[in-house]
There are 2 protein chains.
Amino acid sequence: MSLPKELKMKGGMLTTQHEALLNIVRTATIIGKLSNAFFGRFGITEAQYNVLIVLKLADKPLTQVEIGERLVVSRANMTALLDKLEKKAYVIRKKVEGDRRIFQIELTKEGRKLLDKVEPAYLRQVESNMACLNLSACKALSRVLTLLRENLHITEEERHE
Amino acid sequence: MSLPKELKMKGGMLTTQHEALLNIVRTATIIGKLSNAFFGRFGITEAQYNVLIVLKLADKPLTQVEIGERLVVSRANMTALLDKLEKKAYVIRKKVEGDRRIFQIELTKEGRKLLDKVEPAYLRQVESNMACLNLSACKALSRVLTLLRENLHITEEERHE
DNA sequence: GCTATACTGTAAATAGGTTAACAGTTAGCC
DNA sequence: GGCTAACTGTTAACCTATTTACAGTATAGC
């Protein structure tokens, strides 16, 4: 169903560009709800899973700020996220010699075990979610959205000048 | 910058489909942050604006459930959202004769006045955000995302069977 | 060496979202 | 008519996110 119909709006009320933007946001909202329903079955949330995956894929130990940069999550929020992951024993904060401000965050054995369970199932879910798009459609989609993100960063900077 | 680079992952770690999905979510996240920065200048949030716009565009008075359906917002959440909008006097809950369970939600004069101020500025911001995509790119994007959403609804229903 | 500045993590208040349980009301059905 | 089921809105507990303010630490420059 097209967006104007979902919103029960008369046709012609949205510009083509506005409709595209709302389509992005709405699709992401629905993906987010499906994801959280999925991860909930494993006792974690999407945000927590993202942290674990970034830690697993990083080529060096990361600080809280570094994780936040990769995930577009604020420092304050990383504190709260890691508090919960540490309480569940999936990560630990390790003190760093030479800089007492920072922690290095490490996956624990339990964290890795959880990922071994969740990751394959998650990839299957992603495949099922995206099954209606062929490879070239996916590539075109990524290309357009990457271009758009670059434009958003630029207009954001302009607004701050 | 492509997603694998933003995440500082080695290439080839994501399938094309997975990368497309993450591109959608990440782009929407950034749009959401920009939107909330924008609406914050008018003392409202994106979610609150969405409620006001749906009320303005509806062709009949809406109940809380009906607003929630259009916006994919739960009943519980609509209560909280409308509490805030009613406190700011942008909407009122009106009792309905013949069904004491429901309210009809109406925009107040202040609500309309706010929209008259916010809407034009918002449309300009949307245009600037999407300026890097031409009309046919926007149409293609909307078409692909609409198709994807339909597929998501289907796989969601399958999982509940 | 000292000071000013920048950086890191934390905390509190606020907002939006979830689910689960609940009360009141309506509607269907025997 | 009366019981049951469905619907509407609220509440509480929780999670994620925001901004602001703060403490502690590190660094650069004088």
Side-chain angles (χ1 to χ4, degrees), chain A residues 25-26 28-52 61-69 71-88 90-105, chain B residues 25-26 28-52 61-69 71-88 91-105 160:
Chain A
V25 173
R26 196 177 187 87
T29 300
I30 291 168
I31 291 172
K33 286 183 207 242
L34 289 176
S35 293
N36 272 321
F38 171 82
F39 290 118
R41 299 208 289 272
F42 298 93
I44 57 174
T45 63
E46 185 183 12
Q48 292 170 13
Y49 176 77
N50 289 339
V51 172
L52 296 179
L62 299 179
T63 65
Q64 303 192 180
V65 165
E66 287 169 333
I67 301 172
E69 280 167 2
L71 293 174
V72 198
V73 167
S74 66
R75 265 181 309 156
N77 203 3
M78 276 310 308
T79 295
L81 269 173
L82 289 173
D83 283 351
K84 270 153 212 152
L85 285 172
E86 201 170 26
K87 208 155 127 190
K88 298 182 205 170
Y90 294 142
V91 305
I92 51 171
R93 290 171 161 104
K94 286 214 171 161
K95 289 183 183 169
V96 176
E97 292 207 18
D99 192 336
R100 279 183 288 179
R101 288 173 303 181
I102 63 178
F103 296 109
Q104 283 180 349
I105 313 300
Chain B
V25 173
R26 195 178 188 87
T29 299
I30 291 169
I31 291 172
K33 286 182 207 246
L34 288 176
S35 292
N36 271 321
F38 171 82
F39 290 118
R41 299 208 289 272
F42 298 93
I44 57 174
T45 63
E46 185 183 13
Q48 291 171 15
Y49 176 77
N50 288 338
V51 171
L52 297 178
L62 299 180
T63 66
Q64 303 192 179
V65 165
E66 287 168 334
I67 301 172
E69 280 167 2
L71 293 174
V72 198
V73 166
S74 65
R75 267 181 309 155
N77 204 2
M78 277 308 309
T79 296
L81 268 173
L82 288 173
D83 283 351
K84 272 155 210 153
L85 285 171
E86 200 168 27
K87 208 155 127 190
K88 297 182 205 170
V91 306
I92 51 171
R93 290 171 162 103
K94 286 216 170 159
K95 289 184 184 169
V96 176
E97 292 207 18
D99 192 337
R100 278 183 289 179
R101 291 172 301 182
I102 61 179
F103 296 110
Q104 282 180 349
I105 313 301
H160 293 328

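A quick note: this is a predicted structure, and the numbers were derived from the prediction, not measured. Letters A, B, ... are given to chains in the order of the sequence lines, protein chains preceding strands, and every chain is numbered from 1. Computation of the quantities below employed the complete heavy-atom set of this structure, encompassing side-chain atoms and omitting hydrogens, waters and symmetry-equivalent molecules.
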ask   = Would a distance-only check, ignoring hydrogens and angles, find a side-chain to backbone donor-acceptor pair under 3.5 Å from B:Lys33 to A:Val72?
value = yes
query = Which whole-number value in Å describes the distance from B:Leu34 CG to D:dT18 C1'?
reply = 14 Å
inquiry  = I need the CD1-C1' distance between B:Ile105 and D:dG9, as an integer number of Å.
reply    = 10 Å
ask   = Any side-chain N or O of B:Asn77 less than 4.0 Å from the OP1 or OP2 oxygen of C:dG16?
value = no
ask   = Roughly how many Å is it from CE in B:Met78 to C1' in D:dT11, rounded to a whole number?
value = 16 Å
request  = Using a cut-off of strictly less than 4.0 Å, decide whether A:Lys33 has a side-chain nitrogen or oxygen near OP1 or OP2 of C:dT18.
outcome  = yes
query = Rounded to the Å, how far apart are A:Ile102 CD1 and C:dA6 C1'?
reply = 14 Å
query = Checking B:Lys88 side chain against B:Ile44 main chain: does a donor-acceptor pair fall under 3.5 Å?
reply = no
ask   = When you check the phosphate oxygens OP1 and OP2 of D:dC14, does a side-chain N or O of A:Lys84 lie under 4.0 Å from one of them?
value = no
query = Mapping A:Arg101 and A:Ala47 onto DNA chain D by nearest heavy atom, which one lands closer to the 5' end?
reply = A:Ala47
inquiry  = Just the rounded figure in Å: distance from P of C:dA15 to CG of B:Leu85.
reply    = 11 Å
key: side chain to side chain contact (heavy atoms under 4.5 Å, CB included), paired with B:Leu81, selected from B:Asn50, B:Val91, B:Leu71, B:Val51   = B:Val51
task = State, yes or no, whether a side-chain contact exists between B:Val73 and B:Ile67 at a heavy-atom distance under 4.5 Å.
result = no
Side-chain donor or acceptor of B:Glu86 paired with backbone N/O of B:Arg93 under 3.5 Å = yes
ask   = Can you check whether A:Arg100 has a side-chain N or O nearer than 4.0 Å to OP1 or OP2 of D:dT27?
value = no
ask   = Closest nucleotide of DNA chain D for A:Gly98 versus for B:Asp99: which of these residues is on the 5' side?
value = B:Asp99
query = Is any side-chain nitrogen or oxygen of A:Arg75 closer than 4.0 Å to OP1 or OP2 of C:dA6?
reply = no
query = Under 4.0 angstrom, heavy atoms only, what part of the nucleic acid is B:Ala76 near: base, sugar-phosphate, or nothing?
reply = base
message = OP1 or OP2 of D:dT18 versus the side-chain N and O atoms of A:Ser74: is any pair under 4.0 Å?
response = yes
query = So does A:Gln64 get a side-chain nitrogen or oxygen closer than 4.0 Å to the phosphate oxygens (OP1/OP2) of C:dC7?
reply = no
ask   = Quick one: A:Phe38 CZ to C:dT18 C1', roughly how many Å, whole number?
value = 18 Å
task = Rounded off to whole Å, could you give me the CG-to-P distance for the B:Asp83 and D:dT11 pair?
result = 7 Å
inquiry  = Let's see if you can work this out: which of C:dT26, D:dT10, C:dG16 has an atom nearest to the side-chain heavy atoms of B:Gln48?
reply    = C:dG16
Distance, rounded to the nearest Å, where A:Leu82 contributes CG and C:dT10 contributes P = 8 Å
